[in-house]
Amino acid sequence: MSKPVRTRFAPSPTGYLHIGGARTALFNWLYAKKHGGDFILRVEDTDESRNTDEARAAIFEGLAWLGISVDEGPNEGGGCGPYNQSERQDIYEKWFQKLVVAGRVYEDAGAWRFRFERKPITMHDMVCGEVTIDYTDESINPDMTVKRSNGAFVFHFVNVVDDIEMGMTHVIRGEDHLMNTPKHLQLFEALGEEPPEYAHIPLILNQDGSKMSKRDEGAAVAGYSEMGFVSDAVVNYIAMLGWSSKGDQEVFSVDELVRYFDLEGVNRSGAKFDVEKCAWFNQQHLLAMGGDEFAALAVPYVEGAGVAVDGDYVRMAGSVQEKVKLLAEVPGMISFFRDGDYPFDDAAMEKVRGNEQAVVLLEKLAESFSGLSDWGEAKGSIGETAKANGAKPGQLMFPTRVALSGMMGGPDLGEILSILGQEESVRRLRRAIGELS
RNA sequence: GUACCUAUAGUGUAGUGGCUUAACACUCUCGACUUUCUAUCGAGCGACCCGGGUUCGAAUCCCGGUAGGUAUGCCA
């Protein structure tokens, strides 16, 4: 019987939560949840000069938005606290003394260095396999500082001590830490503790192949909501960057991800971030949800555009569920609805003008609309009007859409007609005819 | 510089020595849905970094290049 799984995400609060960090957190979380274990958040704020409160908040908010639940952490508490490294100085001091007693550290210019054992170190990484780094040559890997001259402990040391104290069983982290692992392994050995299992996952890269850093476009998790992404889609997409189920399925719910995720499916090469595909995932998740849920999610974006939303507006917003990839597209797509003087899109009008019969057909349609006793027949009458005048339904459908909305795309025509009503629809038709003549 | 990791269509992945005419998805183009825009479905374009070797047979194993990445801090 193996120990219950405990994984962690250990960010330093020096910027906003970025997509690479989010994925690292996600993999740890997925692994823990899959195995019924706990996911711990530990804030590595040992470098005071670089930490900010905003960055701390961004970590909490980002994880919360993504739906990555924290079992133990600064806000949740837990049996291994405190979870801010800045509050754990005494603990580090205690472990540091073990190193002193064992004679593994020595003073150097006021700082303390850890004496490496001069031998090859082999790690057994769950993703990278067996990797050996030779520590024989001191000039290549000089003894590392574990305690600064100002008394503060360095990352490698606190990281290891905390992983011991907090009982981590698996450490899943970015491949940029691969070369740090032998150092950590040496520390575990010197401290007389069993190291956790390690898994180094490939990095997320920019389109040009460089490591995605905090400054790069699309790097901030906080920006995704604003752009109109839903968190499940972002989670789904970043999970697919470097991991696959080995089958053809790509669209997963979070529950499915927990069920199917495994470290065997993680590959070893870096993945370039593709916003287009991320948007496609978003569309798939939008399509998969119920109409009410979609409308509820879309409304804040419409309100954000400065519009008071009433029942008809909610209905309108809901009608574009299968027309958008991003929720932020919704307000623009339905803005014509309450704006009687909506602008006509140039490209759309040009296309309509290219159809010589358009104006005549629209006039006939306006007449037909005016005479309708049952407005529910409106959409059908478009096709009938077209046929009655020797045209195909499609030749009138598009001009009608442009006339009513000013745009090439948008909600279903029937839905537009229905919500606009007879009088307003006729008025809009005549307005467009005037514009075209 | 040195070490380590990686290398399949523009992008993300599958393929772990023969079942491969290298599969799936995004993007793009074109069709279908005798109704627009979407959605959906269908089709098309498009790849095994290079060179040796092992083998009857290599995208797959080995070696060497090349390219990219990461690490080489009293940052994390």
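Heavy-atom basis, side chains included; hydrogens, waters and symmetry copies ignored.
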*Asks:* Using both distances under 3.5 Å as the test, list the Watson-Crick or G-U wobble partner of B/rG64, or none.
*Replies:* B/rC50
*Asks:* What's the gap between B/rU20 and B/rA47 when it is taken at their C1' atoms, as a whole Å value?
*Replies:* 14 Å
*Asks:* Suppose you measure atom P in B/rA59 against the same atom in B/rG18; what distance do you get, rounded to whole Å?
*Replies:* 11 Å
*Asks:* Which is true for A/Lys387 with a 4.0 Å heavy-atom rule: it touches a base, it touches only sugar-phosphate, or it touches nothing?
*Replies:* nothing
*Asks:* Return yes if some donor-acceptor pair links the side-chain N/O of A/Glu363 with the main-chain N/O of A/Val360 below 3.5 Å, else return no.
*Replies:* no
*Asks:* Can the ring centroids of A/Phe155 and A/Phe153 be said to lie less than 6.0 angstrom from one another?
*Replies:* no
*Asks:* Write down the distance separating the C1' atoms in B/rU8 and B/rG1, rounded off to the nearest Å.
*Replies:*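 So the two C1' atoms sit 32 Å from each other.
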*Asks:* Main chain of A/Gly110, side chain of A/Ser149: is a donor-acceptor contact present, judged purely on distance under 3.5 Å?
*Replies:*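 No, because the side chain of A/Ser149 does not come within donor-acceptor range (under 3.5 Å) of the backbone of A/Gly110.
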*Asks:* Verify the contact: side-chain N or O of A/Lys246 to OP1 or OP2 of B/rG15, cut-off strictly under 4.0 Å; return yes or no.
*Replies:* yes
*Asks:* Taking the same atom, P, in B/rG65 and in B/rC4, what whole-Å distance lies between them?
*Replies:* 13 Å
*Asks:* When rounded to the nearest Å, what value does the distance between P atoms of B/rC48 and B/rC5 take?
*Replies:*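 Roughly 25 Å separates the two P atoms.
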*Asks:* Could you tell me whether the side chain of A/Asp125 and the main chain of A/His200 form a donor-acceptor pair under 3.5 Å?
*Replies:* yes
*Asks:* If you find the nucleotide of RNA chain B closest to A/Leu413 and the one closest to A/Gly270, which residue's nucleotide is nearer the 5' end?
*Replies:* A/Gly270
*Asks:* Summarise how protein sits on nucleotides 70-76 of chain B as a single string, 5' to 3': B when a protein heavy atom is under 4.0 Å from the base, S for sugar-phosphate-only contact, - for no contact.
*Replies:* SSS-BBB
*Asks:* Within 45° of the ring axis of A/Phe398 and under 6.0 Å from its six-membered ring centre, is that where the NZ or CZ of A/Lys351 lies?
*Replies:*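 Yes, A/Lys351 sits over the ring of A/Phe398.
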*Asks:* Cation-pi check for A/Tyr313 against A/Arg315: NZ or CZ below 6.0 Å from the six-membered ring centre and within 45 degrees of the axis, yes or no?
*Replies:* no
*Asks:* It should be established whether A/Lys277 places a side-chain nitrogen or oxygen under 4.0 Å from OP1 or OP2 of nucleotide B/rG12.
*Replies:* no
*Asks:* Does a side-chain N or O of A/Asn267 approach OP1 or OP2 of B/rU6 to a distance below 4.0 Å, or not?
*Replies:* no
*Asks:* Using a cut-off of strictly less than 4.0 Å, decide whether A/Gln283 has a side-chain nitrogen or oxygen near OP1 or OP2 of B/rA39.
*Replies:* yes
*Asks:* Mind checking if A/Gly410 touches a base, just sugar-phosphate, or nothing, with heavy atoms under 4.0 Å?
*Replies:* base
*Asks:* Can the ring centroids of A/Phe114 and A/Phe116 be said to lie less than 6.0 angstrom from one another?
*Replies:* yes
